S.K.: 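The structure follows.
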Amino acid sequence: MNENQYFALSDGMGQGQKASDDSSLSLNVIKQLITNGISLDNTIQSVNALLKIKNRNDMFTTLDMIEVNLVTGKATLVKYGACPTYILRDNEIMEIQLEGLPIGIVSPIDTKIEHYKLKENDLIFMISDGFTHHFKEFLKDNRYLIVDDHPKEIARTLCELACEEEYNDDMTMIVLKLCKQ
């Protein structure tokens, strides 16, 4: 949307196709509402209300979303029941965590938003709960492998390393890098 880019990750609570369908529905509705110019807060409230109405089997979804203004570098993070987001800047790892329930449980939902100023070459990591319980240490131990790689390669490398640790849950990761063009 103009100078803003949106990235979102949703993890259905529970297992199987129903959890996958709920998270896919959330992301599709978010995309449609934002594309049609609906504000971030109204988008979240709408998706939350939709899931609450639809929710008959205690199935909820996490929501981890970032809006990045490509001109100013301002990032707006939205998190509901989501794992922390990590920013790797130079050699420092920042952890951003917002406490909150997944969407679809209560209505209306308190908007959980944080604002950050990103810098050139910042790497942003958004992960699902199946990735690893100690992601900050995992990232710190493996950052030498990813320093100059493209975000796609960073995600591939870290996911392959995490798979070697034999977690039983699905793993999803978004890796973003802020670069000047």
Side-chain angles (χ1 to χ4, degrees), residues 5-24 26-27 30-31 40 44 59-70 73-105 112-180:
Q5 290 286 311
Y6 295 85
F7 302 89
L9 186 140
S10 180
D11 191 9
M13 308 298 273
Q15 298 176 348
Q17 192 62 46
K18 175 84 170 92
S20 176
D21 291 346
D22 285 348
S23 60
S24 292
S26 298
L27 293 175
I30 287 169
K31 179 180 178 182
L40 198 52
I44 293 163
M59 297 289 268
F60 315 106
T61 66
T62 64
L63 177 61
D64 195 357
M65 187 170 174
I66 187 170
E67 171 192 67
V68 179
N69 183 297
L70 299 178
K74 180 181 171 188
T76 302
L77 285 87
V78 177
K79 301 177 109 19
Y80 293 97
C83 291
T85 293
Y86 299 89
I87 299 175
L88 178 59
R89 179 177 292 157
D90 301 320
N91 247 350
E92 184 181 336
I93 300 171
M94 294 177 276
E95 182 177 32
I96 302 164
Q97 184 161 352
L98 298 173
E99 298 297 323
L101 294 171
I103 56 175
I105 296 176
K112 304 281 187 185
I113 293 178
E114 288 275 331
H115 299 282
Y116 285 86
K117 176 73 172 162
L118 298 175
K119 296 183 178 181
E120 187 176 7
N121 294 318
D122 278 357
L123 284 168
I124 299 101
F125 298 87
M126 299 165 64
I127 59 171
S128 68
D129 64 345
F131 196 83
T132 179
H133 298 291
H134 308 287
F135 186 78
K136 188 173 184 177
E137 292 79 25
F138 178 77
L139 185 58
K140 186 184 286 186
D141 292 344
N142 293 292
R143 69 179 172 230
Y144 71 95
L145 295 172
I146 61 170
V147 174
D148 295 320
D149 287 346
H150 185 278
K152 182 177 179 179
E153 289 303 311
I154 291 170
R156 185 188 59 74
T157 298
L158 293 178
C159 284
E160 286 175 0
L161 290 169
C163 285
E164 292 173 8
E165 295 184 12
E166 299 181 25
Y167 286 101
N168 293 325
D169 199 358
D170 60 324
M171 294 182 286
T172 304
M173 175 187 288
I174 296 175
V175 179
L176 308 170
K177 185 173 185 176
L178 192 68
C179 300
K180 284 187 181 179

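From a predicted model like this one, the values you see are computed outputs, not experimental measurements.
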S.K.: Do other residues, nucleotides or ligands put more than 12 heavy atoms under 6.0 Å from the NZ atom of K152?
M.R.: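 For K152, atom NZ is not crowded (no more than 12 foreign heavy atoms under 6.0 Å).
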
S.K.: How many angstroms lie between CD1 in I66 and CD1 in I124, if you round to the nearest 0.5 Å?
M.R.: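 Here the interatomic distance stands at 5.5 Å.
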
S.K.: For R143, what residues pass the salt bridge (Lys or Arg N to Asp or Glu O under 4.0 Å) criterion, not counting sequence neighbours?
M.R.: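 Checked R143 against salt bridge (Lys or Arg N to Asp or Glu O under 4.0 Å); zero matches.
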
S.K.: Side chains of I30 and Y6, heavy atoms from C-beta outward: is any pair under 4.5 Å?
M.R.: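 When only atoms from C-beta onward are counted, Y6 and I30 do not touch, as no gap falls below 4.5 Å.
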
S.K.: If I compare all heavy atoms of G73 with all of L178, which pair ends up nearest, and what's the gap?
M.R.: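 For G73 versus L178, the nearest heavy atoms are CA-CD2, 4.4 Å.
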
S.K.: Output the distance between atom CD1 (I113) and atom CD (E67), rounded to the nearest 0.5 Å.
M.R.: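 Nearest 0.5 Å value for the CD1-CD distance: 8.5 Å.
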
S.K.: Rounded to the nearest 0.5 Å, how far apart are CG of L63 and CG of L101?
M.R.: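 Rounded to the nearest 0.5 Å, the CG-CG separation comes out at 13.0 Å.
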
S.K.: Side-chain contact, heavy-atom cut-off 4.5 Å: H115 with K74?
M.R.: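 With C-beta onward as the side chain, the pair touches.
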
S.K.: Taking the side chain as every heavy atom from C-beta outward, state whether L118 and I87 have any pair of such atoms under 4.5 Å apart.
M.R.: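 L118 vs I87: side chains touch.
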
S.K.: First locate atom CD of E120, then atom CZ of R89, and finally report the distance between them rounded to the nearest 0.5 Å.
M.R.: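 Answer for the CD-CZ pair, E120 versus R89, is 12.0 Å.
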
S.K.: Rounded at 0.5 Å granularity, tell me how far CZ in F7 sits from CG in D64.
M.R.: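 Here the interatomic distance stands at 12.5 Å.
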
S.K.: Measure the shortest side-chain to side-chain distance between Q5 and L176 over non-hydrogen atoms and say whether it is less than 4.5 angstrom.
M.R.: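 Of all side-chain heavy-atom pairs linking L176 with Q5, none is under 4.5 Å.
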
S.K.: Could you please spell out the steps behind the side-chain contact (heavy atoms from CB on, under 4.5 Å) verdict for T76 and N69?
M.R.: CA-CA 9 Å; T76 302; N69 183 297; over 6 Å; no

S.K.: Holding to salt bridge (Lys or Arg N to Asp or Glu O under 4.0 Å), I want the full list of residues that pass it with E114, two or more places apart in sequence or in another chain.
M.R.: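 Once residues adjacent in sequence are excluded, E114 has no partner under the salt bridge (Lys or Arg N to Asp or Glu O under 4.0 Å) criterion.
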
S.K.: Out of curiosity, L88 CG to K136 NZ, how far, rounded to the nearest 0.5 Å?
M.R.: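 Answer rounded to 0.5 Å: 11.0 Å.
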
S.K.: Between K177 and N121, is there a side-chain heavy-atom distance shorter than 4.5 Å?
M.R.: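 Of all side-chain heavy-atom pairs linking K177 with N121, at least one is under 4.5 Å.
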
S.K.: At their closest point, which heavy atom of A8 faces which heavy atom of M65, and how far apart are they?
M.R.: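 Closest approach of A8 to M65: CB-CG, 4.0 Å.
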
S.K.: Any donor-acceptor pair under 3.5 Å linking the side chain of T62 with the backbone of D11?
M.R.: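 Such a contact is found between T62 side chain and D11 backbone.
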
S.K.: Should R156 and E153 be marked as a salt bridge (Lys or Arg N to Asp or Glu O under 4.0 Å) after you check the CA-CA gap, both sets of side-chain angles, and the distance that decides it?
M.R.: CA-CA 5 Å; R156 185 188 59 74; E153 289 303 311; 2.8 Å; yes

S.K.: Could you report the tightest heavy-atom contact between F60 and P102, atom names first, then the distance?
M.R.: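 Looking at all heavy atoms of both residues, the shortest contact is CB-CB, 4.0 Å.
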
